[in-house]
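Predicted, not measured: the structure shown is a model, and the values here were computed from it.
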Amino acid sequence: MARSYSVYDVFTDRKLAGNPLAVVFDGDNLSDEAMQAITREINLSETVFVQPSTNPAYAAKLRIFTPGRELPFAGHPTVGTAIALAERAHGEAALDLVTVLEENVGPVRCAVRLREGEASFAEFDLPRKSQQAIMPLDKLGIADALSLKITEIGFENHVPSVWSAGVPFLLIPVHDVGAAQRVEFDPQLWEKIVPFVDGALASAYVYCRGGVNHVAKFHARMFASGMGIVEDPATGAAAAALSGAIRHFDRLTDGHHPIMIEQGLEMGRPSFIHLHIDVDGGAISNARIGGQAVRLASGTLDL
């Protein structure tokens, strides 16, 4: 049968930037093996298969695959699919809407803003708050896997740590943007020193304070050989994990903290991830991830 799909560039307001995402709108009646094979064929960092939800209150169920495996949750597929479904249903109408998408991590509440002549915007509440996994880490091994000096690992009181808001990441603070740009990731060395968290190899998320763009408070890169991704131009799930580290290491005060994260610049695909953290009583009460997305292509899969 013919299954319609679209490709969106996510966390950007222009085409051929951000993180590309394939959204297969007719994703029901496909086996797990078929969805994994289609994802490998399309060969983007993630492909979403939209299926009817088991809950009539939810807009759809999403199955999210990387070339290596299925994910319970991911940021750029959530933002991109929320926008794709809204544009598919409402065209170029200017409106604001709230929807709930069912993912393997649980229900994800999304707000979408459509405006004529502008890139659409979506943000979602984190389905899980970021939690730290306390475990021993090999700082020298981490530096070697990134081709950096050990003295370039860490800044202020930020040190390597493992956090997850549904997908585990080993968050690696580096001294500055120059150090982040010099990273040469070695997947073989990484697999020797990285821990497994919840049965999955933790991916590498390199970050530093500041950015190339003046609006960015953090600059980031993400490497996920365990997912079949050499480098990712924008990683919402990693930004979600980072929210916990920022609150912890920066000791955020109570109130609202808007944070812009830039990623993908080294790949020629600049991306901008909006992270909002609300802190109450010294703990995160709510956190949201958002960004824009633009449709690049549409077609059918003859399967």
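- Panel note: side chain R3, backbone D28; a donor-acceptor pair is recorded below 3.5 Å.
- Taking the side chain as every heavy atom from C-beta outward, I246 and F218 approach each other to under 4.5 Å.
- Between F65 atom CZ and L44 atom CG the span is 15.0 Å, to the nearest 0.5 Å.
- Once rounded to the nearest 0.5 Å, the distance linking OG of S53 with CG of L62 reads 9.5 Å.
- Contact record, A59 with T99: CB-OG1, 3.0 Å, taken as the closest heavy-atom pair.
- A donor-acceptor pair under 3.5 Å is formed between the side chain of S271 and the backbone N or O of R269.
- Although no hydrogens or angles enter the test, the distance criterion places a donor-acceptor pair under 3.5 Å between the side chain of D9 and the main chain of L16.
- In this structure, the separation between CZ on F196 and CE on M135 is 11.5 Å, given to the nearest 0.5 Å.
- The aromatic rings of F11 and H76 sit tilted relative to each other, their planes meeting at an angle between 30° and 60°.
- The two atoms that bring A241 and S130 nearest to each other are O-OG, 2.8 Å, heavy atoms only.
- Using a 4.0 Å cut-off between charged nitrogen and carboxylate oxygen, D96 and R115 count as a salt-bridge pair.
- Annotation: side chain of T12 is not in contact with side chain of P270 (no heavy-atom distance under 4.5 Å).
- Looking only at atom types and distance, the side chain of D26 has a donor-acceptor partner in the side chain of S4 under 3.5 Å away.
- Using a 4.5 Å heavy-atom cutoff, the side chains of L85 and L101 are in contact.
- Here L275 contributes atom CG and I261 contributes atom CD1; the two are 5.0 Å apart, rounded to the nearest 0.5 Å.
- Taking the six-membered ring for Trp and thresholds of 30 and 60 degrees, W163 and F249 have ring planes more than 60 degrees apart, a perpendicular arrangement.
- Using cut-offs of 30° and 60° for the angle between ring planes, the Y207 and F155 rings count as perpendicular.
- In this structure a side-chain-to-backbone donor-acceptor pair under 3.5 Å is present from S164 to V167.
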Self-check item: Test log, rule side-chain contact (heavy atoms from CB on, under 4.5 Å), inputs V48 and V24
Solution: CA-CA 6 Å; V48 172; V24 180; over 6 Å; no
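- Remark: side-chain polar atoms of K129 are not paired, donor with acceptor, to backbone N or O of S243 under 3.5 angstrom.
- Few gaps surround CD on Q132; more than 12 heavy atoms of other groups in view lie less than 6.0 Å from it.
- At least one donor-acceptor pair closer than 3.5 Å links the side chain of E262 to the backbone N or O of N213.
- Although no hydrogens or angles enter the test, the distance criterion places a donor-acceptor pair under 3.5 Å between the side chain of R40 and the main chain of P67.
- The side-chain contact (heavy atoms from CB on, under 4.5 Å) with Q263 is formed by just one residue from the set T235, V206, N19; it is T235.
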Exercise. Could you give me the CA-CA distance, side-chain angles and deciding distance for D144 and D186, then say whether side-chain contact (heavy atoms from CB on, under 4.5 Å) is met?
Key: CA-CA 8 Å; D144 289 342; D186 187 322; over 6 Å; no
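- Judged purely by distance below 3.5 Å, without hydrogens or angles, the side chains of N104 and E70 pair a donor atom with an acceptor atom.
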Self-check item: Chi angles and distances behind the side-chain contact (heavy atoms from CB on, under 4.5 Å) call for E152, V174
Solution: CA-CA 6 Å; E152 294 178 293; V174 297; 5.5 Å; no
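- Counting heavy atoms from C-beta on, the side chains of V162 and P195 come closer than 4.5 Å.
- The only member of L140, D138, L137 that meets side-chain contact (heavy atoms from CB on, under 4.5 Å) when paired with I193 is D138.
- In terms of modelled atom types and a separation under 3.5 Å, the side chain of R295 and the main chain of Y8 share no donor-acceptor contact.
- At a threshold of 4.0 Å, the pair R288-D278 counts as salt-bridged, since one of the basic side-chain nitrogens sits closer than that to a carboxylate oxygen.
- Under the 3.5 Å distance criterion, the side-chain polar atoms of E231 are left unmatched by any main-chain donor or acceptor of M267.
- Taken from CE in M35 to CZ in F49, the straight-line distance is 6.5 Å, to the nearest 0.5 Å.
- When only modelled atom types and interatomic distance are considered, D250 and H158 share a side-chain donor-acceptor pair under 3.5 Å.
- Around CD of E116, the count of heavy atoms belonging to other residues, nucleotides or ligands within 6.0 Å does not exceed 12.
- Within a 6.0 Å sphere centred on NE2 of H276, heavy atoms belonging to other residues, nucleotides or ligands number more than 12.
- For the residue pair A293 and I83, the shortest heavy atom distance occurs at CB-CD1, 3.6 Å.
- At a threshold of 4.5 Å between non-hydrogen side-chain atoms, the residues S203 and M227 count as touching.
- In plain terms, the two heavy atoms of P20 and S45 that are nearest each other are O-OG, 4.1 Å.
- Ring planes of H274 and F121: perpendicular class, angle over 60° (limits at 30 and 60°).
- Taking the side chain as every heavy atom from C-beta outward, H219 and E266 approach each other to under 4.5 Å.
- Inter-residue side-chain proximity for P258 and M260 is flagged as unmet; no heavy-atom pair is nearer than 4.5 Å.
- Using a distance-only test at 3.5 Å, with no hydrogens or angles considered, a donor-acceptor pair links the side chain of Q36 to the main chain of T66.
- With a 6.0 Å cutoff to the six-membered ring centre and a 45° limit on the axis angle, R88 counts as a cation-pi contact of F25.
- Closest heavy-atom contact between A86 and V112: CB-CG1, 3.8 Å.
- The side-chain heavy atoms of V294 and R14, taken from C-beta on, include no pair separated by under 4.5 Å.
- Within the model, atoms OH of Y205 and CZ of F169 stand 8.5 Å from one another, a figure rounded to the nearest 0.5 Å.
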Practice problem: Could you please spell out the steps behind the side-chain contact (heavy atoms from CB on, under 4.5 Å) verdict for T47 and Y5? | Solution: CA-CA 10 Å; T47 294; Y5 77 94; over 6 Å; no
